[in-house]
Amino acid sequence: MSETNINTKCVQAGYTPKNGEPRQMPIIQSTTFKYDTSEDMGKLFDLEASGYFYSRLQNPTCDMVAAKIAALEGGTAGMLTGSGQAANFYAMFNICECGGHIVSSSSIYGGTFNLIAVTMAKMGIEVTFVAPDCTEEELNAAFKENTKLVFGETIANPALTVLDIEKFAKAAHAHGVPLIVDNTFPTPVNCRPIEWGADIVTHSTTKYMDGHGACVGGVIVDSGKFDWMAHADKFPGLTTPDDSYHGITYAEKFGKEGAFITKATSQLMRDLGSVQSPQSAFILNLGLESLHVRMPRHVENGQAVAEFLEAHPKVVKVNYSGLKSDKFYDLAQKYLPNGGCGVVSFELAGGRAAAEKFMKNLKLAAIETHVADARTCCLNPATSTHRQMTDEQLAAAGIPAGLVRMSCGLEDKKDLIADLSQALDAV
Ligand SMILES: *Cc1c(COP(=O)(O)O)cnc(C)c1O
């Protein structure tokens, strides 16, 4: 099939049945795979032939869904993981080990902040956080001799800042390291970071890709563009023989297109094992089949809700990059011309107490830690997901105590606004 539009890829990429095969992607619910000779299987272990032997490393259903997402992002290879957390950890740890250093936007998901600042620190990995809207000078000053990667989120959860992907990619490449972008909120329907210079893209597929609050999952997509061999001294894991895997040098054997994901599969999945189940991958694929239809409605509802809130006297601030008043409006026009996502955040006059009262009075929008679901939900991060962060850290991440994050679902926008209106009246 010739190169198709992203809408068609959402529906059909990743699996093309042959004559008489199932129309729907099959769930290969099998831990293991049978071979006629040990020699046949040995070739797989030596990475001499491609095929399956154990579903902790690879499973056909998961691979088909990963291939679809790689096609959506414009990458060369993809790998599903058991969660978004696993995707971000594997993407970073694949090239940054003990003694390494990460430059990361400070405006990122709380779980990823903890992962980098606390858990990876225990592994001997350092981090320098930079504001997403820092100057090029500030960004360049964050790099060290041992920097291995740059990390950021296209639209940050929950601060909703927009990453200047080109600026971050330029700085990363000037220092000989890749840019990893978590593209969970816009999805490839609204932004494809690889087209702007990102080298590796990650997702929590738990969010819009699944879209129905059904399965936790993640994915890593490699652009196949970063030249590991050109920076061989920085990335020995990819450019020198892997003694734990038959002495293979990934960047030599699999080239720019395949080295990163092959190493992540044959080392990290093998040893750490955060796999996505074939059942979950199947459900994720159902979500992907309508992603291009759902995203515009999430954006339409998000925009309508943001405009309503901006005009409301009990709201002091609305963060939504589709609003002209938003600090990130210009960047959103550039990177997200069709809109970003359905997540809006706003600060109530009256801070934490007002937020709690407001939340209690919502009828249609449910209180959940979730976002990016077909059903609208709300959260006050300071008292829930981000409670482990100090006030200084909250401020640095742009999350005041009275902030409410609202994920606009696929309901009618008139009903969402009516619910907000009555809950605000009660405050
Ligand atoms: C939710 C989320 C994650 C973590 O994903 P899980 O699937 O919950 O593990 C990572 N990054 C972003 C931007 C998220 O929204």
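Counting starts at 1 for both ligands and their atoms, following the listed order.
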for atom 12 (C) of ligand 1, nearest protein heavy atom and its distance come out as Asp182 OD2, 3.4 Å
Output the list of atoms in ligand 1 that are nearer than 4.0 Å to some heavy atom of Gln85, sorted by atom number. 4 (C), 5 (O), 6 (P), 9 (O)
Minimum heavy-atom distance between Ile102 and Cys96, given as atom pair plus value: CG1-SG, 3.8 Å
Identify whether the distance between the nearest side-chain nitrogen and carboxylate oxygen of Lys167 and Glu136 falls below 4.0 Å. no
Identity of the nearest option to atom 3 (C) of ligand 1, non-hydrogen atoms only, from Tyr208, Phe185, Tyr109: Tyr109
Close N or O approach (Gly84, ligand 1; < 3.5 Å): yes
Tell me, please: is Ala86 in heavy-atom contact with ligand 1, that is, under 4.0 Å? no
Before we go on, tell me: are the rings of Phe346 and Phe358 under 6.0 Å apart, centre to centre? yes
Considering only non-hydrogen protein atoms, determine which one is nearest to atom 1 (C) of ligand 1 and report residue, atom name and distance to 0.1 Å. Lys207 NZ, 1.5 Å
The single option from Val404, Leu348, Leu420 passing side chain to side chain contact (heavy atoms under 4.5 Å, CB included) against Leu309: Leu420
Residue Thr184 vicinity, atoms of ligand 1 by number, heavy atom under 4.0 Å: 12 (C), 13 (C), 15 (O)
Can we say Glu257 and Lys225 salt-bridge, meaning some charged N sits less than 4.0 Å from an Asp/Glu carboxylate O? no
Under 4.0 Å from a heavy atom of Gly217: give me the atoms of ligand 1 that qualify, with their elements. 7 (O)
Do the rings of Phe226 and Trp228 sit parallel, tilted or perpendicular, given the 30° and 60° boundaries? tilted
Top protein contact for atom 7 (O) of ligand 1, by heavy-atom distance: Thr206 OG1, 2.6 Å
Which of the atoms of ligand 1 are close to Glu153, meaning less than 4.0 Å from one of its heavy atoms? 13 (C)
Nearest heavy-atom pair of Asp210 and Cys215: which atoms, and what distance? OD2-N, 2.8 Å
